[in-house]
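Here's the structure we're looking at; comments come further down.
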Amino acid sequence: MSDICNLHELATLDAEARAALLKRSETDLSAFIDKVRPIVEAVRTEGDAALARFGRDLDKAEITADRLKVTEEEFDAAFKAVEPEVISSIRFGISNIRSFHEEQAPEPMWLKEVRPGAFAGDRFTPIQSVALYVPRGKGAFPSVTMMTAVPASVAKVPDIAILTPPTADGGVDAATLVAARLAGVETVYKSGGAQAVAAVAYGTETVGKALKIVGPGSPWLVAAKRLLSGIIDTGLPAGPSEAIIFADGTVNGAVAALDLLIEAEHGPDSSAYLVTHSREVAEAALKALPEHWGRMTEQRVAFSKAVLTGKSGGIVLTSSVEESIDFINAYAPEHLEILSTDPFAHLGRITEAAEVLMGPHTPVTIANFVLGPNAVLPTSRWARSYGPLSVTDFLKRSSIGYVTASAYPEFADHARRLARYEGFSSHENAVSEIRDQLLKG
């Protein structure tokens, strides 16, 4: 190991050590759930008073119960506080995100004639109320606002609310408010972490109850979602950031080091690996890290160093491209970059990644902010069964069936036979001569 960055030579590791590389910070949430439980109960029983108290105690914010909801004046002030160039970039990102998600949106309804005169299909309608969580603990994230609010807006959810932790002065990050308004959302509550999940699960005097909550956050947030999953739909599991930078040796290792730091700088609970079979790439990356850190802020250097020297980060040196890909599929990362001059040569063998970014000109940064595909992604190996946040996360699907009088007899005959076999007499009666007689009047 190095005091700069872990170097894991995969061939030398036993099964236990290899398994340890796959663990994330929220793999075992039992300790967090125990701590979250009293917070949730306090919000359920005390409402706004508990939200304000936790805002003061946990977020160290000057917040009172009568200031939990962002006012129109606060929105207006945010547009004056944010530099025009930043607002322009938010508009650019929202435009691309909206274009992508409009293309992604399914048709409101489709029907297929499965047999002459018999039709079956799907209808999509918006979920009536959704809460969007925007974290703030280790920075400001207007990008998360963009990624959650735009698809909810495209889906035409009638009741959309954003929850985000208050700033020290009891306000909200100004760029987050700008992004919210530009995305079409003007209901924002100043509440974070476990208490925010409880607020929308149960409702308070100020915060409306929601049917679903989406958005990434800390293990505290993830634990609250898990605890309340029987009360509110908690959406895809999105915890602390994680990324794999896969380098096949055709791109400078210093570029790999540059991109390795992107997700590592989110916080010490992030996970970040450079995976390569090229020792030359690994050595070049190690050499470049101090230079890259020299151009970063002190806080972000501390975060990324903690990740790259900790239990969930570093360089994984494999014996071949095939072994690299096997590790990636076992890890199932949130973000995956393929640093290669021919990234499509590898894409077909990678099956377990929530996001795959191709080539040296598609760093995670571009995807996180402005490319268009959603950057709210499943973490902790949930990419094996979940995909990115999408328009369909804000829609519910109903099956549609329509059998005409001419098609009915054939369908009734087969259904009646199966109902009788399974022993359901009412099912059988509903498609028997009883129905025929009743319909004849």
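No experiment lies behind these values; they were computed from the predicted model shown.
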Does the side chain of L336 reach to within under 4.5 Å of the side chain of I328, using non-hydrogen atoms? yes

* Asked: Is the backbone N or O of S95 less than 3.5 Å from a side-chain atom of S99, with the two atoms forming a donor-acceptor pair by type?
  -> no

message = Is the positively charged end of R24 above the ring of Y331, judged by distance under 6.0 angstrom from the centroid and angle within 45° of the axis?
response = yes

Nearest heavy-atom contact between A354 and E334 is CB-O, 3.3 Å

Spell out, as yes or no, whether a donor-acceptor pair under 3.5 Å connects the side chain of N329 to the backbone of D326. no

Closest non-hydrogen atoms of N374 and F100, given as atom of the first, atom of the second and distance, are N-CE2, 4.4 Å

With a 4.0 Å cut-off on N to O distance, would you call E186 and R181 a salt bridge? yes

Verify, without hydrogens or angle tests, whether H292 (side chain) and A254 (backbone) share a donor-acceptor contact under 3.5 angstrom. yes

- Item | Side-chain (R381) to main-chain (A330) donor-acceptor, under 3.5 angstrom | yes

* To do: Check the pair D122, S398 against side chain to side chain contact (heavy atoms under 4.5 Å, CB included), reporting the backbone distance first and the verdict last.
  => CA-CA 6 Å; D122 285 327; S398 303; over 6 Å; no

Here the pair of heavy atoms bringing V391 nearest to A105 is CG1-CB, 4.0 Å

Practice task
Could you please spell out the steps behind the side-chain hydrogen bond (donor to acceptor under 3.5 Å, both in side chains) verdict for R349 and H346?
Solution key: CA-CA 6 Å; R349 290 177 290 172; H346 305 298; 3.3 Å; yes

When rounded to the nearest 0.5 Å, the distance separating NZ of K396 from NZ of K212 is 11.0 Å

A side-chain contact here means heavy atoms from C-beta on lying under 4.5 Å apart; do V70 and L177 qualify?
yes

Should L389 and L236 be marked as a side chain to side chain contact (heavy atoms under 4.5 Å, CB included) after you check the CA-CA gap, both sets of side-chain angles, and the distance that decides it?
-> CA-CA 7 Å; L389 190 71; L236 67 90; 4.0 Å; yes

> S143 and N368: side chain to side chain contact (heavy atoms under 4.5 Å, CB included), yes or no, with the steps?
Replying inline: CA-CA 7 Å; S143 58; N368 271 352; 5.6 Å; no

- request: Verify, without hydrogens or angle tests, whether D59 (side chain) and A61 (backbone) share a donor-acceptor contact under 3.5 angstrom.
  value: no

Handout entry: Polar side-chain atom of S304 near backbone of R300 as donor-acceptor pair, under 3.5 Å
Key = yes

Scanning both residues in full, the closest heavy-atom pair of V200 with A131 reads CG1-CB, 3.7 Å

Rounding to 0.5 Å, atoms OG (S312) and CG (L22) come to a distance of 10.0 Å

Rounded to the nearest 0.5 Å, the CG atom of D159 sits from the CD atom of Q128 at a distance of 8.5 Å

Task: Side-chain heavy atoms of N96 within contact of R98, under 4.5 Å - done: no

### Task
Look at the rings of H8 and Y273 and say which category their plane angle falls in: under 30° parallel, 30 to 60° tilted, over 60° perpendicular.
perpendicular

Rounded to the nearest 0.5 angstrom, the CG-NZ distance for N6 and K311 is 11.5 Å

_With a 4.5 Å cut-off on side-chain heavy atoms, are V172 and P166 touching?_
no

R397, CZ: over 12 other non-hydrogen atoms inside 6.0 angstrom: no

On a heavy-atom basis, the closest approach of I4 and T309 is O-CG2, 3.5 Å

Salt-bridge criterion met for R279 and E9 (N-O under 4.0 Å)
yes

Is there a side-chain contact between T145 and L132, using heavy atoms and a 4.5 Å cut-off?
no

Does any donor atom in the side chain of S271 or E242 lie under 3.5 Å from an acceptor atom in the other side chain?
no

Check your understanding: Going through the distances and angles, do H266 and F303 end up as a ring-ring contact (aromatic ring centres under 6.0 Å, His included)?
Key -> CA-CA 7 Å; H266 272 290; F303 286 163; 9.4 Å; no

Handout entry: Residues D342 and S340: side-chain donor-acceptor under 3.5 angstrom
Key = no

Examine distances only and state if a side-chain atom of K156 and a backbone atom of S153 form a donor-acceptor pair shorter than 3.5 Å. no

Interatomic distance, CD1@I213 vs CG@D233, rounded to 0.5 Å, equals 10.5 Å

Inset, instruction - Give a yes or no on whether the backbone of E323 and the side-chain of S320 come within a donor-acceptor separation of less than 3.5 Å. - result: yes

Counting neighbours of CZ on R56 that are heavy atoms of other residues, nucleotides or ligands and sit closer than 6.0 Å, is the number greater than 12? yes

Worksheet item: Would you call E291 and K287 a salt bridge, taking side-chain N to carboxylate O under 4.0 Å as the test?
Response: no

- Is there side-chain contact between W110 and K112, with heavy atoms separated by less than 4.5 Å? yes

In short, P135 meets F141 closest at the heavy-atom pair O-CD1, 3.0 Å

| said: Using side-chain hydrogen bond (donor to acceptor under 3.5 Å, both in side chains), reason through S324 and T318 one step at a time and then give a plain yes or no. | reply: CA-CA 6 Å; S324 292; T318 67; 2.7 Å; yes

Are the charged groups of E74 and K190 less than 4.0 angstrom apart, N to O? yes

Separation between OH (Y189) and OG1 (T204), nearest 0.5 Å, reads 7.5 Å

### Query
Under the 3.5 angstrom rule, does the side chain of Y133 hit a backbone N or O of G193 as a donor-acceptor pair?
yes

Would the number of heavy atoms belonging to other residues, nucleotides or ligands and lying under 6.0 Å from OH of Y402 be above 12?
no

* **Short side-chain donor-acceptor distance under 3.5 Å, T234 and S229** => no

Do other residues, nucleotides or ligands put more than 12 heavy atoms under 6.0 Å from E322 CD?
yes

Problem set entry | Presence of salt bridge, E62 and R67, under 4.0 angstrom | no

If you count every heavy atom of other residues, nucleotides or ligands that lies below 6.0 Å from E16 atom CD, does the total exceed 12? no

Is it the case that the side chain of E337 and the backbone of V364 share a donor-acceptor pair, with hydrogens and angles ignored and the cut-off at 3.5 Å?
yes

Check whether any side-chain heavy atom of Y202 sits under 4.5 Å from a side-chain heavy atom of V207, and report yes or no. no

inquiry  = Any heavy-atom pair between the side chains of L7 and L317 that's under 4.5 Å?
reply    = yes

Given the options I338, L339, L357, T362 meets side-chain contact (heavy atoms from CB on, under 4.5 Å) only with L357

_Stepwise side chain to side chain contact (heavy atoms under 4.5 Å, CB included) check, L211 with I232_ = CA-CA 6 Å; L211 294 170; I232 185 172; 5.9 Å; no

